[in-house]
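Read the structure below first, then the notes.
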Amino acid sequence: MNCSSKMRNSLHSQWKTLISKYSWCAGGSMFLYLRQIQTIAVPFFFSEVAHTLHRVMATAGQVIKCKAAIAWEPNKPMVIEEIEVAPPQAHEIRIKIVATGVCHTDLYHLFEGNNKEGFPAVLGHEGAGIVESVGPGVTKFKPGDKVIPLFISQCGQCKFCKSPKTNLCERSWSNERYDVMSDIDSRFTCRGKKVLQFMGTSTFSEYTVLNEIAVAKIHDSAPLDKVCLLGCGIPTGYGAAVNTAKVEPGSTCAVFGLGAVGLAAVMGCKAAGAARIIAVDVNKDKFEKAKVFGATDFVNPKEHSKPISQVLAEMTNGGVDFSLECVGNVEVMRSALESCVKGWGVSVLVGWTDMHDFSARPIQLIAGRTWKGTLFGGFKSKDGVPKLVNEYLARKLKLDEFVTHTMTLDRVNDAVELMKHGKCIRTVLNVSRQ
Ligand SMILES: NC(=O)c1ccc[n+]([C@@H]2O[C@H](COP(=O)([O-])OP(=O)(O)OC[C@H]3O[C@@H](n4cnc5c(N)ncnc54)[C@H](O)[C@@H]3O)[C@@H](O)[C@H]2O)c1
Ligand SMILES: [Zn+2]
Ligand SMILES: [Zn+2]
């Protein structure tokens, strides 16, 4: 039995004695009761903190050997391997990943993107963890802090960070090799080979290293197995509605694709006061969940012979005010644009693809529609993520409802299969023990 569990057992038995001793009297004895609690609880608290710090700091400055899921090549299952994770360099942070979601963008890289240069890589970009150690020059993070890795950085200094118009950052990993979808300056090796850090994050690993500009410090009480979803899918869909589309109260919206991103877009439309939210998906099993987030109408394109834009135009007297494409399919993107009402309709591209050009007739835009795109829902990452965590803790933002499956990292390929076949919303993988 280790020292902290002995302490915990001793606290428990002393607590029971106290309860039985003083339960008959609530008044004068309460003072004595509180003093006794204090003498036990305060040293216990410090011993827990010291124990945690000792544990995390024992590895500081050293290469850590740990478990990670490696995508060696496209279209093949990932393999659980032992990897080496180098210590953080100047302005970097090494993080113990506790939990991670699986997002469709991970599947895109593995199966759809057709990009051989982006391998081998550790995928995963929707995680949460605890700071293990920090490199020279890091002053705003310390071992033990709870954090969320960010696939969009926020340096605070570049012209994009200084502008309120965008959440892109000039110092992001993506400025170097966007085409390989990875940070090429990786801290990972496996079997003597360099392994890339997908989207600069790589959360399918027990440990990862990020620049401090791409890490958000979050509230100490945040449950990491839920708030990990704030690393990608939920801010993306939610922000697409509230920040990018700027959905208006009383408006009519259509959301195409009801994965976690689309459901978060539904949640965003509802939060912005939309009167009607039409949920569109080819998988009818998704509709029940869409109701939970506020969808009012449900359309399955498989059940209609007409173009879906025509179906929506008939349902809404000419088209919706806002549409959000959360699939990643250029045909659906066109259809989402064409579903908007002329004059003021706004359509937002949220789904990810770099495989095909998209197209539409110019008259669509000439007639007053606007076509926009969003990355991470337009949230400035370092500022936005801790606020969203606080909103979740205050029960103003749903997260638990997105989690349909929980597994360990070893089952990452099962999680991928579930998403491929439309059987989950989000699977959360438990990566390391907290
Ligand atoms: N822009 C960003 O910053 C960003 C961030 C995260 C994810 N994404 C992208 O968002 C998309 C959704 O991600 P997810 O994790 O929710 O994926 P998901 O696979 O869980 O959900 C996609 C949904 O689209 C539905 N769908 C497929 N074809 C359709 C069609 N023709 N019409 C209507 N619905 C259809 C599927 O049934 C499924 O429910 C992906 O393309 C992902 O890469 C973008
Ligand atoms: Zn994602
Ligand atoms: Zn910047």
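Indexing begins at 1, ligand by ligand and atom by atom, following the structure's order. Residue numbers start at 1 and run along the sequence shown.
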Ranked by distance from atom 43 (O) of ligand 1, the top protein heavy atom is Thr105 OG1, 2.8 Å
For Gly328, the ligand 1 atoms with a heavy-atom partner under 4.0 Å come out as 41 (O)
May I ask you to identify, for Val327, whether its side chain, its backbone, both or neither come under 4.0 Å of ligand 1 on a heavy-atom basis?
-> both
Here the vertex angle at the Zn ion (ligand 3) for SG of Cys169 and SG of Cys158, given to 10°, is 120°
Determine, using heavy atoms of Cys326 and all atoms of ligand 1, whether some pair is separated by less than 4.0 Å.
-> yes
Using modelled atom types only, decide if a donor and an acceptor are shared between the side chain of Thr316 and the backbone of Leu312 within a distance under 3.5 Å.
-> yes
Hey, is Cys103 one of the residues with a heavy atom under 4.0 angstrom from ligand 1?
-> yes
Ligand 1 versus Leu107: contacting region, heavy-atom distance under 4.0 Å | neither
Under 4.0 Å from any heavy atom of Gly257, which atoms of ligand 1 are there?
-> 23 (C), 24 (O), 25 (C), 34 (N)
the protein heavy atom lying closest to atom 10 (O) of ligand 1 turns out to be Gly351 CA, 3.6 Å
Closest approach of any protein heavy atom to atom 44 (C) of ligand 1, naming residue and atom | Val350 O, 3.0 Å
Judged by non-hydrogen atoms, does Arg426 sit under 4.0 Å from ligand 1?
-> yes
Tyr238 and Asn243: side-chain donor and acceptor closer than 3.5 Å?
-> no
Short version for Met419: what comes under 4.0 Å of ligand 1, heavy atoms counted, is side chain
Please state which part of Phe376 comes within less than 4.0 Å of ligand 1, counting heavy atoms only: side chain, backbone, both or neither.
-> backbone
Which residue owns the protein heavy atom closest to atom 32 (N) of ligand 1, what's the atom, and how far is it?
-> Val282 CG1, 3.9 Å
Side chain, backbone, both or neither: which part of Glu325 comes within less than 4.0 Å of ligand 1 when only heavy atoms are counted?
-> neither
Any heavy atom of Asp281 under 4.0 Å from ligand 1? The part involved is both
Protein heavy atom at shortest distance from atom 21 (O) of ligand 1 | Gly259 CA, 3.3 Å
What protein heavy atom sits nearest atom 17 (O) of ligand 1, and how far off is it?
-> His104 CB, 3.1 Å
Give the ring-plane orientation class for His125 versus Phe151, where under 30° counts as parallel, over 60° as perpendicular and anything between as tilted.
-> perpendicular
Any N or O of Val332 that comes nearer than 3.5 Å to an N or O of ligand 1?
-> no
Reported CE-to-OG1 distance for the pair Met419 and Thr404, which is rounded to 0.5 angstrom = 8.5 Å
Pick out which of Val320, Asp321, Ile277, Val346 makes a side chain to side chain contact (heavy atoms under 4.5 Å, CB included) with Ser251.
-> Asp321
Presence of N, O or S from Cys103 under 2.8 Å of the Zn ion (ligand 2) | yes
Between Cys232 and ligand 1, which residue portion shows a heavy-atom distance shorter than 4.0 Å: side chain, backbone, both, or neither?
-> side chain
